[in-house]
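A short worksheet on the structure shown next.
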Amino acid sequence: MSSYEAYELQVPGEAKSLSLIRMVVTSLAEDAGLPQEEIDKIEVAVDEACTNVLDHAYENYCPHPPVRLMIHSANNEFVIDVEDEGTHFDFEHHKTPKFPEHWWGGHTRGAGIFLIKKCMDNVHYERLPNEHNRLRLIKKIH
Amino acid sequence: MPKRRLDIQIEQSDSVAVVSLEGALDSSNVEDFKKTLEPLCRLEHTKVLLNCEQLTYVSSMSLGLLFHYHRACEAHSSQFALFGVWERIQNILRLLGLDTVLNIYGSRDEAITGLDA
């Protein structure tokens, strides 16, 4: 992917969209010249981000609104914006569990944001003026 | 459209159940995975082996279930193990500390032998 190219992808807000999202994002990350190990991390982060939208932001929405992704690379960064129309989340004050202790407490979920932060170089979450939410995932291109 | 379905095959003998997964395990198919694993993890004195040789991707929701099944097997005097896990998935298991609490082996034979030890 050349530095001036940007891509937009809008998919139904359903779990069946996740494989398409992963395929498109990993393909673009490969085009951007990222190594496979980093592409694998991006795949995890974007899948977890979109899963959180479907399961949490859209929890009380029927039918689910779409999920929109904007992907571009510039200034040695590969950037994925995940935009939803659902309930806002207090990302700043989210307390990340400790692992593996978290699992001993009987939990089977709760690792998504931890993985997103571990897999990406920078993560920003904000409420947009149009009342959508945007999670920006940034991977540095070395 | 890319392949969404997770193919699940079960081979079951007296004391060993091998569940082979092919494809990606995410929230679109995790219910199929749960329906397969939950009855197996209630069996007594059984080695429940998850064949991950053709498993290309696993979401955190599904990884979290693995420890749940590990403990369920223990509660029924059974054992739970994974084998053939791709390096990219092992990396995520490490990040979540699951590599220290799950039985993970290279191959089916290593899993059966290792669980006997």
Side-chain angles (χ1 to χ4, degrees), chain A residues 9 11-27 29 35-56 58-59 64 67 96-120, chain B residues 1-7 21-35 37-38 41 52 54-75 80 82 85-104:
Chain A
L9 174 69
V11 296
E14 305 296 337
K16 64 183 182 184
S17 300
L18 292 170
S19 58
L20 177 66
I21 292 169
R22 292 197 304 271
M23 187 184 75
V24 170
V25 171
T26 55
S27 176
Q36 189 59 49
E37 188 179 347
E38 299 303 326
I39 295 170
D40 291 345
K41 291 179 183 174
I42 290 167
E43 180 176 20
V44 169
V46 78
D47 183 80
E48 297 292 340
C50 294
T51 299
N52 279 347
V53 169
L54 305 181
D55 290 356
H56 301 299
Y58 287 170
E59 185 179 11
H64 285 181
V67 179
T96 304
K98 289 188 176 178
F99 298 97
E101 291 86 346
H102 180 70
W103 308 120
W104 286 105
H107 306 285
T108 57
R109 304 198 60 176
I113 293 176
F114 171 81
L115 281 180
I116 291 167
K117 289 179 175 174
K118 280 283 182 187
C119 289
M120 302 304 290
Chain B
M1 292 288 287
K3 181 180 173 183
R4 289 198 300 268
R5 209 180 63 170
L6 177 74
D7 289 326
L21 305 174
E22 183 179 352
L25 176 54
D26 63 19
S27 67
S28 71
N29 48 37
V30 69
E31 290 303 319
D32 296 335
F33 179 65
K34 287 162 78 171
K35 281 178 193 164
L37 265 291
E38 279 169 11
C41 293
C52 302
Q54 302 298 322
L55 181 64
T56 57
Y57 180 81
V58 190
S59 67
S60 70
M61 182 196 302
S62 309
L63 290 174
L65 285 170
L66 298 182
F67 186 57
H68 169 72
Y69 295 137
H70 173 89
R71 294 180 81 180
C73 283
E74 283 186 340
F80 182 76
L82 289 69
V85 184
W86 289 20
E87 184 62 29
R88 60 194 304 213
I89 296 172
Q90 291 205 38
N91 290 338
I92 305 304
L93 288 168
R94 273 191 285 274
L95 280 176
L96 297 177
L98 286 166
D99 61 316
T100 63
V101 294
L102 294 173
N103 299 309
I104 303 172

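For clarity, every value in this text was computed on a predicted model and none was experimentally measured. Naming convention: chains lettered A, B, ... in sequence-line order (proteins, then strands); numbering from 1 in each chain.
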If I take atom [atom1] from residue [X] and atom [atom2] from residue [Y], how far apart are they, to the nearest 0.5 angstrom?
X     : Y      : atom1 : atom2 : value
B:L66 : A:W103 : CG    : CH2   : 9.0 Å
B:S27 : A:R109 : OG    : CZ    : 7.5 Å
B:L6  : A:S19  : CG    : OG    : 11.5 Å

Side-chain contact, heavy-atom cut-off 4.5 Å: [X] with [Y]?
X      : Y     : value
B:L95  : A:F99 : no
B:Y57  : A:D47 : yes
A:D55  : B:M61 : yes
B:E87  : A:D40 : no
A:L115 : B:I92 : yes

- prompt: Would you call A:E43 and B:R88 a salt bridge, using N to O less than 4.0 angstrom?
  reply: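 A salt bridge is present here (some side-chain N lies under 4.0 Å from a carboxylate O).
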Which atoms form the tightest heavy-atom contact between [X] and [Y], and what is the distance?
X      : Y      : value
A:G106 : B:R71  : N-NH1, 4.2 Å
A:G112 : B:S60  : N-OG, 4.0 Å
A:P100 : B:V101 : CB-CG1, 4.4 Å

message: Please rank A:L54, A:V44, A:T51 by heavy-atom pairs under 4.5 Å with chain B and give me the top one.
response: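 The option with the most such pairs is A:V44.
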